[in-house]
Amino acid sequence: MRDRRRCIDVRLRRGRRLAAALAVSGILFGTAACGSGSGSARAGDPNTLEVWTRSDPDSAQTYKRVFAAFTEKTGIKIDYQPVMNFDQQLQSRASTKDLPDVMINDTALMGSYQAQGLLKAIDPASIAGHGGITAKSWSSTVGRDGRHYGIPYSRQAMTLFVRKDWREKLGLPQPKTWQDTLALAKAFATRDPDGDGRKDTYGMVVPGSAQNGYVAWWGASWLWQGGVRIVEKEGTGYRPAMDSAAALRTVTWMKDNLFCGDNGVIQPSALTSVTANTTNFQDGNAGMYLTGPYNISTFDKALGKDTYEVLPAPAGPAGNDVLADGEDIYFGARTGKAKQEQTLAAFLISPEGQTLAMTGDHQPVVRIPVNSTLDAAKVRGDARWSVVQKAYEDDSLQFPNAPDWAPIKQDTADSLNALFTYCGSDVKAGLKELNDTLAGDLKDQDLLK
């Protein structure tokens with residue numbers, strides 16, 4: 001009976017999600033057809049571009065500096081809108097048939113945006129300096145129809161942040177494998193590395209909540225290293241791949257060693273933690289964090305630059321590939337201003353634009369530059385960034401960009417979170433159920449093979 005109810009819940013969830021997506025798509029396809037809204041004050045000004053980024057106040061300051069330099073150089077004005085609740089506000093604007101001219105947001109959203117009719121197709125040759133972007137970065141902007149729908153702007157890859165002072169105090173080496181990582185985590189949790197005489201430290205910090213797919217985002221690097229792919233390309237479509245022997249081994253290892261041990265390897269709140277409240281590393285009571293390089297400036301201020309180290313992710317059974325992601329420049333599906341949009345994009349990917357976005361007193365908005373003439377470590381004068389750049393260039397995989405990845409990531413996160421929450425869970429059965437759900441997600445998008 002429990003299995004039957006679970007299957008019904010999955011079908012209902014998928015149906016509600018599909019209905020919502022279709023409702024939104026109807027709005028957005030209409031927007032693409034109608035173009036700019038006549039009521040927009042800025043629509044009639046060919047010398048002003050409305051630009052949205054998904055930014056908090058600190059990173060918005062960096063964007064403001066970049067856009068000010070662009071306006072001074074070209075005379076084109078920027079009506080800049082830093083938006084946190086990006087998708088909700090974007091859908092609201094779409095309903096008024098008035099999309100922003102330019103958007104900068106996550107690479108993994110391209111498939112969803114394209115499917116909903118939000119984006120204009122882009123010819124890379126129309127962007128001055130396009131040849132300075134590597135084929136690997138350009139490949140992540142190709143939609144289901146083989147056309148480009150974004151321009152690479154920033155890239156990043158996960159690396160392992162480790163409390164160097166704790167590790168050296170305990171006389172332990174830098175971790176190179178999963179087993180090394182587990183041993184170091186146990187030592188951080190049990191051997192009083194901060195020397196306060198209390199058992200108040202944890203081995204590593206994990207954003208393991210299912211909310212917004214966090215545990216799938218964090219866990220992707222572990223899956224890659226275990227030889228797992230959530231979905232795999234097959235011809236012109238995809239097939240789910242979470243019922244493989246590699247998936248069973250990897251998820252079982254993660255459950256048994258990270259989430260269900262009694263040795264304090266991860267923080268107690270891991271399964272309800274998102275990145276916004278996963279602060280144990282910077283607060284000084286966790287020894288490791290597999291995360292993105294945007295945290296470097298935060299950790300430098302909180303802990304001190306010499307207190308921790310940035311290391312390549314330790315290798316699993318299938319290698320040391322980690323999750324790569326980043327941001328793209330998107331052109332809203334509207335008429336006019338193509339020349340101005342192309343001029344802005346060319347500046348943003350130029351050495352000048354990329355360097356401005358990587359430096360300054362506020363949060364950098366370009367992590368690894370997409371302009372291949374730049375070296376992140378040299379631009380910043382910080383050798384730690386070479387670890388991140390090498391991880392992206394040599395040992396990284398991105399989520400597939402053509403499907404609408406949001407439901408795939410969310411369903412994967414729901415499943416992993418449930419398996420990790422109940423330590424007596426049947427991993428094989430859970431992954432089989434997840435695989436069936438992913439097949440439904442792909443079928444909903446006409447991508448199942």
Side-chain angles (χ1 to χ4, degrees), residues 1-29 87 91 106-118 143-145 208-220 223-224 226 228-248 250-252 255 323 397-422 425-449:
M1 179 64 72
R2 179 183 300 171
D3 290 343
R4 182 172 179 268
R5 284 199 303 268
R6 184 180 300 156
C7 290
I8 291 171
D9 288 344
V10 168
R11 287 196 297 270
L12 289 173
R13 184 174 67 248
R14 187 186 302 148
R16 287 192 296 267
R17 184 176 61 242
L18 178 59
L22 289 173
V24 171
S25 295
I27 292 172
L28 298 180
F29 277 118
D87 287 337
Q91 291 171 23
D106 296 345
T107 59
L109 291 170
M110 193 208 74
S112 175
Y113 287 175
Q114 182 209 352
Q116 296 174 13
L118 275 167
R144 292 172 57 177
D145 59 2
S209 172
Q211 179 183 336
N212 295 328
Y214 271 107
V215 70
W217 170 81
W218 169 84
L223 297 177
W224 299 172
V228 186
R229 302 293 179 264
I230 298 173
V231 299
E232 290 187 337
K233 192 84 169 66
E234 186 168 296
T236 59
Y238 294 84
R239 64 176 181 84
M242 285 300 290
D243 64 347
S244 66
L248 178 60
T250 301
V251 175
T252 299
K255 179 172 79 78
L323 176 66
L397 291 171
Q398 295 184 183
F399 290 135
N401 52 292
D404 179 355
W405 191 255
I408 296 171
K409 181 175 73 170
Q410 187 59 59
D411 284 331
T412 302
D414 288 342
S415 178
L416 292 179
N417 183 270
L419 289 171
F420 297 153
T421 297
Y422 175 48
S425 60
D426 184 334
V427 175
K428 185 174 183 179
L431 293 179
K432 174 61 169 63
E433 180 181 316
L434 171 60
N435 218 60
D436 292 343
T437 302
L438 296 178
D441 291 334
L442 294 170
K443 185 176 180 180
D444 290 345
Q445 301 180 44
D446 295 322
L447 287 172
L448 180 63
K449 291 295 180 181

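Numbers here are sequence positions counted from 1.
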* Is the side chain of Asp243 donor-acceptor paired with the backbone N or O of Asn435 at a distance under 3.5 Å, no angle test? -> no
* Residue list, ring pair (Phe, Tyr, Trp, His ring centres under 6.0 Å) with Tyr238, at least two apart or on another chain -> none
* Structure fact -> In terms of heavy-atom contacts, Asp426 and Leu419 come closest through O-CD2, 3.8 Å
* To do: Could you tell me which residues satisfy side-chain hydrogen bond (donor to acceptor under 3.5 Å, both in side chains) with Asn212, sequence neighbours excluded, listed by chain and number?
  => none
* Structure fact -> Of all heavy-atom pairs linking Arg239 and Lys449, the shortest is CB-O, 3.7 Å
* Asked: Between Asp106 and Tyr113, does any side-chain donor sit less than 3.5 Å from a side-chain acceptor?
  -> no
* Quick one: are Asp404 and Asp444 in side-chain contact, heavy atoms under 4.5 Å? -> no
* **Closest approach of Leu448 to Pro240 (non-hydrogen atoms, all atoms of both residues)** => CD1-CD, 3.8 Å
* At their closest point, which heavy atom of Leu416 faces which heavy atom of Ala216, and how far apart are they? -> CD1-CA, 4.4 Å
* Asked: Looking just at side-chain N and O atoms, do Thr252 and Lys428 make a donor-acceptor pair shorter than 3.5 Å?
  -> no
* Asked: Is there a side-chain contact between Val251 and Leu223, using heavy atoms and a 4.5 Å cut-off?
  -> yes
* **Residues in side-chain hydrogen bond (donor to acceptor under 3.5 Å, both in side chains) contact with Lys432, at least two apart in sequence or another chain** => Asp436
* Flag, side chain of Trp405 to backbone of Phe399, donor-acceptor distance under 3.5 Å -> no
* First locate atom CD of Gln398, then atom CH2 of Trp224, and finally report the distance between them rounded to the nearest 0.5 Å. => 10.5 Å
* Asked: Do Val231 and Pro400 come close enough that some side-chain heavy atom pair is under 4.5 Å?
  -> yes
* Asked: How about Gln445 and Asp441: does a side-chain donor come under 3.5 Å of a side-chain acceptor?
  -> no
